[in-house]
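Before any comments, here is the structure.
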Amino acid sequence: YFEIMNEPDIACPRNGISVGDLFKMTKLSSEAIRNVRSDALMILPGLCYSNDFSKKYLSYKDAEGHTLKDYVDILNVHTYFDNQKAYIKQLEEWASLFRSSGLIDLPLWITEYGHSSWEYKEEDRANMYIQQTLIGLSLGVEKMFYYQFHSFGGNYFSSHHQREEYFGMISPSISNS
């Protein structure tokens, strides 16, 4: 399995990378990898938002008429919701986008989902994990990857915190005992 890029719907617009450029990167990466590994399964870059950039990327067609379906085998999204209704709504929005883009028959993976350890207690994070896993699987998601098991964060309010360190199901105080 090869994922070509992580969260391009955030990074590309900020860095002036167009939908066409991302599509070309997806195409060239897929072709190069499959040239070496013909059995490689290509995973759509992990999308976070069903925004205009994602919509245009999912429905992009190049000058030769190629679409993402020619270069990816597995759909991939990231979902970070604490509200179950919003989570279901987001998954339904993704399904609608995949349907309108002609990608609905590809398997869907959620390669990141989770909850911050500085916002929620461990019990709440565990409950949301169970609920969102069951909801995702019931809506046809094939594989789900929780981000992340262990929270590395110390004092969130220090001036040198890294937000990524606060996405773990298990807090440092428990995992270090």
Side-chain angles (χ1 to χ4, degrees), residues 1-116 128-129 131-149 163-164 167:
Y1 301 102
F2 294 86
E3 180 181 354
I4 296 172
M5 186 177 184
N6 190 48
E7 300 179 351
D9 49 336
I10 296 174
C12 290
R14 286 184 191 164
N15 295 299
I17 299 170
S18 71
V19 168
D21 291 340
L22 178 60
F23 182 87
K24 185 175 182 179
M25 183 180 73
T26 305
K27 173 184 176 177
L28 293 174
S29 298
S30 178
E31 289 174 343
I33 292 167
R34 287 180 171 160
N35 189 42
V36 176
R37 295 266 317 263
S38 61
D39 62 338
L41 293 175
M42 305 306 298
I43 304 171
L44 181 77
L47 299 172
C48 292
Y49 304 108
S50 53
N51 58 21
D52 275 349
F53 188 89
S54 294
K55 290 174 187 175
K56 290 175 183 173
Y57 175 62
L58 291 171
S59 61
Y60 190 84
K61 189 180 286 190
D62 70 10
E64 291 85 37
H66 295 177
T67 67
L68 282 172
K69 201 166 188 176
D70 296 310
Y71 305 107
V72 299
D73 305 296
I74 299 165
L75 302 172
N76 176 15
V77 297
H78 299 172
T79 57
Y80 289 97
F81 289 95
D82 54 0
N83 177 305
Q84 305 310 334
K85 287 182 183 178
Y87 176 69
I88 292 168
K89 182 180 179 204
Q90 180 65 58
L91 290 177
E92 290 170 345
E93 282 181 30
W94 283 121
S96 176
L97 280 174
F98 297 142
R99 191 174 298 106
S100 67
S101 302
L103 302 169
I104 194 68
D105 58 327
L106 295 178
L108 173 60
W109 291 7
I110 295 176
T111 59
E112 284 187 30
Y113 72 115
H115 309 91
S116 71
M128 288 187 280
Y129 162 75
Q131 291 171 2
Q132 290 185 349
T133 300
L134 293 174
I135 290 168
L137 295 173
S138 73
L139 292 175
V141 176
E142 186 177 283
K143 292 186 190 286
M144 299 177 72
F145 301 85
Y146 190 82
Y147 181 80
Q148 61 191 350
F149 183 71
R163 188 166 188 250
E164 292 292 319
F167 275 85

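Atom set for the values below is all heavy atoms of this structure, side chains included, hydrogens, waters and symmetry mates excluded.
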pair M5-C12: side-chain heavy atoms closer than 4.5 Å = yes
key: Shortest non-hydrogen contact between I4 and S30, atoms and distance   = CD1-N, 4.2 Å
message = Taking the side chain as everything from C-beta on, heavy atoms only, tell me whether T26 gets closer than 4.5 Å to P45.
response = yes
message = Donor-acceptor check, side chain of D9 to backbone of Y49, threshold 3.5 angstrom: yes or no?
response = yes
key: Residue pair F2 / R37, side-chain heavy-atom distance below 4.5 Å   = yes
request  = Considering non-hydrogen atoms only, spot the tightest contact between S54 and N51 and give its length.
outcome  = N-OD1, 2.8 Å
inquiry  = To the closest 0.5 Å, what do you measure between CD (E31) and CE (M42)?
reply    = 10.0 Å
inquiry  = Is it the case that the side chain of S100 and the backbone of L97 share a donor-acceptor pair, with hydrogens and angles ignored and the cut-off at 3.5 Å?
reply    = yes
inquiry  = Return the CG to CD1 distance between L41 and I74, rounded to the nearest 0.5 Å.
reply    = 5.0 Å
ask   = Going from CG on L75 to CG on L68, what distance comes out if it is rounded to the nearest 0.5 angstrom?
value = 9.0 Å
request  = To the nearest 0.5 Å, tell me how far F53 CZ sits from C48 SG.
outcome  = 12.0 Å
ask   = Are T79 and Q90 linked by a side-chain donor-acceptor pair shorter than 3.5 Å?
value = no
remark   = In short, D70 meets G65 closest at the heavy-atom pair OD2-O, 4.5 Å
task = Give a yes or no answer on whether the side chain of E3 reaches the backbone of G46 with a donor-acceptor pair at less than 3.5 Å.
result = yes
inquiry  = Looking at F81, is its backbone amide N or carbonyl O close enough to the side chain of Q132 to form a donor-acceptor pair, meaning the two atoms are under 3.5 Å apart?
reply    = yes
ask   = Looking at side-chain heavy atoms only, is the closest gap between W94 and L139 below 4.5 Å?
value = no
note = Nearest heavy-atom contact between P8 and L47 is CG-CD2, 3.7 Å
message = Surrounding NZ of K69 (heavy atoms of other residues, nucleotides or ligands, distance under 6.0 Å), is the total greater than 12?
response = yes
remark   = Rounded to the nearest 0.5 Å, the CG atom of L103 sits from the CG atom of D105 at a distance of 8.0 Å
query = What's the shortest heavy-atom distance between D73 and A40, and which atoms?
reply = OD2-O, 3.8 Å
query = Do N15 side-chain atoms and I17 backbone N/O form a donor-acceptor pair below 3.5 Å?
reply = no
query = With a 3.5 Å cut-off and no angle check, do the side chains of Y113 and T133 form a donor-acceptor pair?
reply = yes
task = Evaluate the side-chain proximity of V141 to V77: yes if any heavy-atom separation is below 4.5 Å, no if none is.
result = no
ask   = Under 4.5 Å between any side-chain heavy atoms of N83 and K89, yes or no?
value = no
key: Separation between OG1 of T111 and CD of E7, rounded to the nearest 0.5 Å   = 8.0 Å
inquiry  = Once you measure the plane-to-plane angle for Y71 and F23, does it fall in the parallel (<30°), tilted (30-60°) or perpendicular (>60°) bin?
reply    = perpendicular
request  = For the residue pair L44 and L58, establish whether any side-chain heavy-atom pair is separated by less than 4.5 Å.
outcome  = yes
Shortest non-hydrogen contact between G114 and Y80, atoms and distance = O-CD2, 3.3 Å
